Novice: 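Before anything else, here's the structure in question.
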Protein chains: 2
Amino acid sequence: MSIEVIFGKVLRNIREDKKLSQEQLAHLSELDRTYISLLERGKRRPTINTLIALCKPLGLKPSEFLGEIEKELY
Amino acid sequence: MSIEVIFGKVLRNIREDKKLSQEQLAHLSELDRTYISLLERGKRRPTINTLIALCKPLGLKPSEFLGEIEKELY
DNA sequence: CTGTGACTCTAAGTCCGTA
DNA sequence: ATACGGACTTAGAGTCACA
């Protein structure tokens, strides 16, 4: 599975765990609502800056987020 | 300090620890030599795909790489 | 071996909307 | 609340010649 699809699945899992809507996460991370949707569906490859912006309101470290992705990669 | 500048410093540190030239790392990660240079000077914000491509030949996990960045951020 | 400017092309990311 | 599409602006991907 591609990196971006795995990224999207991890993002969705974490977001739903935190009981946040895409709209709420978009507002908190200062990103667009439709862009969060694109990311979760594996349609975009975020920059590390975007990753860090997303992690802040989700309450976990970027390294922890990537750790989740690595579980699927290797 | 901006994320991309920190990223560049971390990348350079790790690369030099591994005794690799930019040219060697470029070849191993299948990226362009001048692009490595841009990254190390903080002129680009890499996607997570680029980060993962760089980590493979450097022999560390992307999450470990981001851990180094977090040390400077927080 | 590396920095840099210039360049093209592609994708990131936004904003409007509809269902 | 989310998926999806179109149109759009900005910035990264990727390369080259030259210092």
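Each chain gets a letter, A, B and so on, in the order the sequences are listed, and its residues count up from 1. This is a predicted model, so every value here is computed, not measured.
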Novice: Under the salt bridge (Lys or Arg N to Asp or Glu O under 4.0 Å) rule, what pairs show up with a residue in residues 7-22 of chain A, not counting sequence neighbours?
Specialist: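 Passing the test, one end in residues 7-22 of chain A: A:R12-A:E40, A:R15-A:E40.
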Novice: Over all strands shown, is A:Q24 touching base, sugar-phosphate only, or nothing at heavy-atom distances under 4.0 angstrom?
Specialist: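 Here A:Q24 touches no strand at all.
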Novice: With sequence neighbours left out, write down each residue that passes ring pair (Phe, Tyr, Trp, His ring centres under 6.0 Å) with A:F65, or none if nothing qualifies.
Specialist: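 A:F65 satisfies ring pair (Phe, Tyr, Trp, His ring centres under 6.0 Å) with A:F7 once adjacent residues are dropped.
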Novice: Applying side-chain hydrogen bond (donor to acceptor under 3.5 Å, both in side chains), name anything that partners B:T50, two or more places apart in sequence or on another chain.
Specialist: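 Only B:T47 meet the side-chain hydrogen bond (donor to acceptor under 3.5 Å, both in side chains) criterion with B:T50.
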Novice: What residues form a side chain to side chain contact (heavy atoms under 4.5 Å, CB included) with B:A53, not counting sequence neighbours?
Specialist: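 None.
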Novice: Under the side-chain hydrogen bond (donor to acceptor under 3.5 Å, both in side chains) rule, collect the residues that match up with A:S63, sequence neighbours excluded.
Specialist: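 By the side-chain hydrogen bond (donor to acceptor under 3.5 Å, both in side chains) rule, A:S63 matches B:E70.
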Novice: Name all residues meeting the side chain to side chain contact (heavy atoms under 4.5 Å, CB included) criterion together with A:S21; count only those two or more places apart in sequence or in a different chain, and write none if there are none.
Specialist: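 Side chain to side chain contact (heavy atoms under 4.5 Å, CB included) list for A:S21, sorted by chain: A:E23, A:Q24.
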Novice: So do B:S29 and B:I36 actually touch side chain to side chain, heavy atoms under 4.5 Å?
Specialist: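 A side-chain contact exists here, since the closest heavy-atom pair is under 4.5 Å.
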Novice: Write down the protein N/O and nucleotide N/O pairs, taken from nucleotides 7-12 of chain C, whose separation is under 3.5 Å; answer none if there are no such pairs.
Specialist:
from	atom 1	to	atom 2	distance (Å)
C:dA12	OP1	A:R45	N	2.7
C:dA12	OP1	A:R45	O	3.4

Novice: Take atom CD of B:E4 and atom C1' of D:dA13, then tell me their distance rounded to the nearest Å.
Specialist: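 Result: 16 Å.
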Novice: Do any side-chain nitrogens or oxygens of B:S37 fall under 4.0 Å of OP1 or OP2 in C:dG3?
Specialist: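 Answer is yes, contact under 4.0 Å.
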Novice: Is A:Q22 near enough to D:dA3 that one of its side-chain N or O atoms lies under 4.0 angstrom from OP1 or OP2?
Specialist: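 For A:Q22, the contact criterion (side-chain N or O under 4.0 Å from OP1 or OP2 of D:dA3) is met.
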Novice: If you restrict it to nitrogen or oxygen atoms, what contacts under 3.5 Å exist between nucleotides 17-19 of chain C and the protein, and what is each distance?
Specialist:
from	atom 1	to	atom 2	distance (Å)
C:dG17	O6	A:R33	NH2	3.2

Novice: State which residues pass side-chain hydrogen bond (donor to acceptor under 3.5 Å, both in side chains) with A:N49; sequence neighbours excluded, sorted by chain then number.
Specialist: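 So A:N49 forms a side-chain hydrogen bond (donor to acceptor under 3.5 Å, both in side chains) with B:E4.
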Novice: Give, ordered by number, those residues of residues 8-16 of chain A having at least one heavy-atom distance below 4.0 Å to an atom of DNA chain D; if nothing qualifies, reply none.
Specialist: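 Within residues 8-16 of chain A, the residues near DNA chain D are A:R12, A:R15.
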Novice: For A:L31, answer base if it contacts any base atom (sugar-phosphate contacts may also be present), sugar-phosphate if it contacts only those atoms, and nothing otherwise; contact means non-hydrogen atoms under 4.0 Å.
Specialist: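 Sugar-phosphate only.
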Novice: Test: ring pair (Phe, Tyr, Trp, His ring centres under 6.0 Å). Region: residues 16-61 of chain B. Which pairs qualify, not counting sequence neighbours?
Specialist: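 For residues 16-61 of chain B: none.
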Novice: Which residues satisfy the side-chain hydrogen bond (donor to acceptor under 3.5 Å, both in side chains) test with A:R41, sequence neighbours excluded?
Specialist: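 In terms of side-chain hydrogen bond (donor to acceptor under 3.5 Å, both in side chains), with neighbours along the sequence ignored, A:R41 is linked to A:S37.
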